[in-house]
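Just the heavy atoms: all of them, side chains too, but no hydrogens, waters or symmetry mates, feed the values below. Just so we're on the same page: letters track the sequence lines, and every chain starts at 1. Please read all numbers here as calculations on a predicted model, not as lab measurements.
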Amino acid sequence: MKLTTVALVGGPTMLVLVSPWVAARLFEGRAPARTVATFHLLALAGMAALPLVALPCLALIRPSDLSALASLSGIRVAQTAARALAVAYLARIGWVAVRTSRATSRLAANLAVAAAGRPAAGGPVTHLVASARPFAYTLGGRAGGVVVSHGLLSLLDRDERDAVLAHERAHLRLRHHRLLWFGQVVSAALGAAVPAAGEAAASLARELEVIADQAAASEMGERRVVARALAKAALASATSTAAPSAALAFGGERDLVYRLDRLMEDRRHDDRRGLATAAIGLLDAGLLAILGGAVQPTNPVGDVVLFGLALAGIGWLSWRAVAPLETPAA
Amino acid sequence: MGSRRQVAGRQLGELEAEVMELAWDRGAWLGVNDLLAALKGRQRAYTTVMTIVTRLCDKGLLERRRDGRGFVYRPALSKEQVAAQALREVLADADDPQAVLAHFIKDLEASPELLARLRTLADASDADPGGKAAQG
């Protein structure tokens with residue numbers, strides 16, 4: 001393998017692997033939420049593809065002082081091993097994906113029995129769960145819908161309830177569950193081997209919450225009511241920790257503060273849009289290099305077609321992320 | 001097989017669901033012949049119903065005991081128990097990050113500063129004075 005190839009694949013790979021921290025340092029909270037979310041999404045796609053290219057590439061890099069014959073057979077062995085690992089990795093992704101989907105459908109089935117689901121006016125099914133614990137969430141998929149507990153509703157006044165429902169409906173309408181599912185599958189499949197995956201999945205989830213908060217605020221015509229609902233729900237589920245040990249990271253606190261800040265700040269979160277756009281461009285280049293590297297070792301026609309499709313997908317996503325928002329319909 | 005229905009959090013075939021409804025209705029021990037006689041619609045074969053009840057036993061929805069030369073069946077759980085069980089599972093699953101991808105709010109460990117900020121936000125426009133200081 002030539003040095004240029006190593007640099008071409010290795011450089012962008014490094015960017016993919018540090019992407020969550022790059023975003024946090026440079027433009028999270030200072031670029032449009034949709035742009036930031038797409039950045040994390042693309043980075044996750046890069047990480048997902050990484051093992052497929054890293055393995056063959058590692059197999060191809062060999063010490064040049066080996067004799068031609070030894071290195072040739074060495075390469076064969078390494079390539080076979082790399083292929084086996086790639087297959088194992090793909091199988092793992094499939095297994096994680098199935099497990100996650102199953103957990104969701106089991107929950108949907110139980111909800112259908114336990115909770116009185118009924119279609120809200122012109123919206124998705126809303127399941128009301130008889131529990132004092134305050135919670136609300138969105139369930140994706142065919143049997144999906146919005147799930148709210150009595151406990152949460154009893155804390156809120158009418159407007160705040162509407163705000164929560166608007167938030168959850170925005171998740172559904174914008175198909176956030178698919179993106180979250182993707183993030184979770186990638187981070188679970190890569191696990192501790194790629195710490196950036198978990199971080200990127202968490203950052204993506206946080207950014208999608210911001211998007212849903214903003215959608216709810218614009219639907220309600222007021223952001224204070226969304227903030228109030230958030231605050232009340234948070235207060236109810238907060239386990240107030242007495243010990244103020246300075247270094248302790250409070251669970252969930254960072255995400256919530258981020259959401260509140262995004263929600264309440266005045267519109268000035270476009271000032272790093274250019275930087276975020278550039279970062280997306282770099283990430284695209286990285287993704288292309290990674291995908292190209294994954295195609296390169298085998299390269300039959302099918303791979304090239306796949307590569308083209310991936311290219312189109314990446315281009316579309318990136319364009320959507322950096323294009324100005326159209327005004328939402330109704 | 002025709003459409004499928006949700007019973008006890010499981011996808012059941014139409015005939016399976018019908019047998020369950022029947023068993024819950026009667027509440028007593030029923031033989032396959034009782035079920036055959038009570039099932040509405042077209043006449044079913046004995047073996048068909050036999051297969052169905054065996055499957056429902058496997059799924060833990062029916063229980064059976066020996067009665068003479070055959071078996072008799074009744075629901076293993078009441079409808080309410082089934083609903084309660086489903087609710088328990090829903091509540092357990094609400095904490096399962098695999099099942100639930102996006103929560104409105106996650107369980108929170110908040111610093112005193114954040115708690116103070118949350119209280120301010122929560123009280124911000126509750127117009128009625130003296131009310132609502134519910135959270136501790």
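- A donor-acceptor pair is defined here as one N or O able to donate and one able to accept, closer than 3.5 Å; no such pair exists between the side chain of A:Glu253 and the backbone of B:Leu114.
- Closest heavy-atom contact between A:Ala231 and B:Ala122: CB-N, 3.9 Å.
- Taking each heavy atom of A:Leu107 and B:Val90 in turn, the nearest pair found is CD1-CA, 3.9 Å.
- Both the backbone and the side chain of A:Leu260 come within less than 4.5 Å of a heavy atom of chain B.
- Among A:Val96, A:Thr138, A:Leu230, A:Asp255, the residue with the largest count of heavy-atom pairs under 4.5 Å with chain B is A:Leu230.
- Scanning both residues, A:Val257 and B:Arg117, for their nearest heavy atoms gives CG1-NH1, 3.9 Å.
- With respect to the salt-bridge test (charged N to carboxylate O, under 4.0 angstrom), the residues B:Asp123 and A:Lys232 do not qualify.
- The distance from atom CG of B:Leu87 to atom OG of A:Ser131, rounded to the nearest 0.5 Å, is 7.0 Å.
- No part of A:Ala205 comes within reach of chain B, as not one of its non-hydrogen atoms sits under 4.5 angstrom from that chain.
- Rounded to the nearest 0.5 angstrom, B:Leu121 CG and A:Arg228 CZ are separated by 9.5 Å.
- Surrounding CZ of A:Arg158 are at most 12 heavy atoms belonging to other residues, nucleotides or ligands under 6.0 Å away.
- A 4.5 Å side-chain heavy-atom check between B:Leu118 and A:Leu256 finds at least one atom pair inside the cut-off.
- Contact tally against chain B (heavy-atom pairs below 4.5 Å) for A:Arg102, A:His177, A:Glu209: the top residue is A:Glu209.
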